[in-house]
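We're numbering straight along the sequence, starting at 1.
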Amino acid sequence: MAKKQSGGRKLEGWKAKKWYKVYAPDFLGKQLIGEIISSDPTNVAGRVLTVSLGELIQDYSKQNVRASFKITEVAGDAGYTKFDGHEMTKEFVRAMVKRRASRIDSTITVKPLGSEKEIQITISAFTINHARLSQIQEIRAAMVKVVLEYVKEADYESFVSAMLKGELSKKMFEVCKPIFPMRRIEVIKSESVASASDKAAAIAA
């Protein structure tokens with residue numbers, strides 16, 4: 001008898017749950033990126049979905065990139081998101097590291113034009129041959145300069161779009177290749193950084 005009652009409660013719980021369709025931000029086409037189930041819409045906001053960037057923007061070269069989106073708004077059975085960060089798979093990054101070559105990393109935090117949101121990004125440059133320390137320092141400085149100049153003229157959505165679709169990497173590559181033979185330059189990781197007001201709200205909560 002006890003087993004039947006337990007099973008009944010479980011069934012009722014599933015019946016009370018509802019599926020919510022989750023969409024990417026407008027600047028990435030507002031495409032359906034997944035579905036989640038919940039019995040309470042207030043538990044949907046704040047959840048994060050991670051998807052293949054290649055499938056999202058229909059670019060096969062981006063299949064090794066995972067993009068994350070946080071649900072910020074729920075309306076009816078739909079959840080709307082904001083970009084939360086991305087990361088290239090570790091296997092893909094390791095495959096770009098060649099013997100007798102150099103890998104040059106730099107992590108910086110930027111604030112796009114007119115935005116209160118900050119983004120921390122990690123850039124990796126991969127050379128064809130082994131670079132000297134002075135060349136590594138010059139390449140790193142050049143990459144950072146390109147990003148800082150770009151962010152002065154791009155709003156949040158434009159900057160994220162350029163970063164994800166490779167436009168920012170191409171600009172860095174064009175500037176750095178006269179310094180030393182380059183294999184490629186990639187923004188291998190990004191992460192949204194909480195603003196001061198977001199941190200204050202979290203502490204108050």
Visitor: So, taking the atom named CD in Gln135 and the one named OG1 in Thr127, what distance separates them when rounded to the nearest 0.5 Å?
Guide: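 The distance works out to 9.0 Å.
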Visitor: Can you tell me how far the CZ atom of Phe159 sits from the CG atom of Leu113, to the nearest 0.5 Å?
Guide: 12.0 Å
Visitor: Enter the distance from Asn64:CG to Ile188:CD1 here, rounded to the nearest 0.5 Å.
Guide: 13.0 Å
Visitor: Just how far is it from atom NZ of Lys117 to atom NZ of Lys111, taken to the nearest 0.5 Å?
Guide: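 Here the rounded value is 12.5 Å.
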Visitor: Is there a continuous path of hydrophobic side-chain contacts, each under 4.5 Å between heavy atoms, that joins Val74 to Tyr80?
Guide: no
Visitor: Could you walk me through whether Glu186 and Arg184 pass the salt bridge (charged side-chain N to carboxylate O under 4.0 Å, His left out) check?
Guide: CA-CA 7 Å; Glu186 298 285 356; Arg184 64 194 300 167; 2.6 Å; yes
Visitor: Is any side-chain heavy atom of Ser38 closer than 4.5 Å to a side-chain heavy atom of Arg47?
Guide: yes
Visitor: Within a reach of under 6.0 Å around CD of Glu91, are more than 12 heavy atoms found that belong to other residues, nucleotides or ligands?
Guide: yes
Visitor: Assigning hydrophobic clusters by single linkage (Ile, Leu, Val, Met, Phe, Trp, Tyr; side-chain heavy-atom cutoff under 4.5 Å), is Ile57 placed with Phe27?
Guide: yes
Visitor: Could you tell me the separation between the CD1 atom of Ile185 and the CD atom of Glu174, rounded to the nearest 0.5 Å?
Guide: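 Here the interatomic distance stands at 9.5 Å.
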Visitor: Roughly how far, to the nearest 0.5 Å, is the CG atom of Leu53 from the CD atom of Gln63?
Guide: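 Taking CD in Gln63 and CG in Leu53, the distance rounds to 8.5 Å.
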Visitor: Closer than 3.5 angstrom, by distance alone: can the side chain of Thr89 be matched with the main-chain N or O of Arg66 as a donor-acceptor pair?
Guide: no
Visitor: Hey, does the side chain of Gln31 reach the backbone of Leu56 with a donor-acceptor pair shorter than 3.5 angstrom?
Guide: yes
Visitor: How close do Tyr20 and Asp40 get, heavy atom to heavy atom, and via which atoms?
Guide: OH-C, 4.4 Å
Visitor: Would Ile108 and Val175 show up in the same hydrophobic cluster when neighbours are defined by side-chain heavy atoms closer than 4.5 Å?
Guide: yes
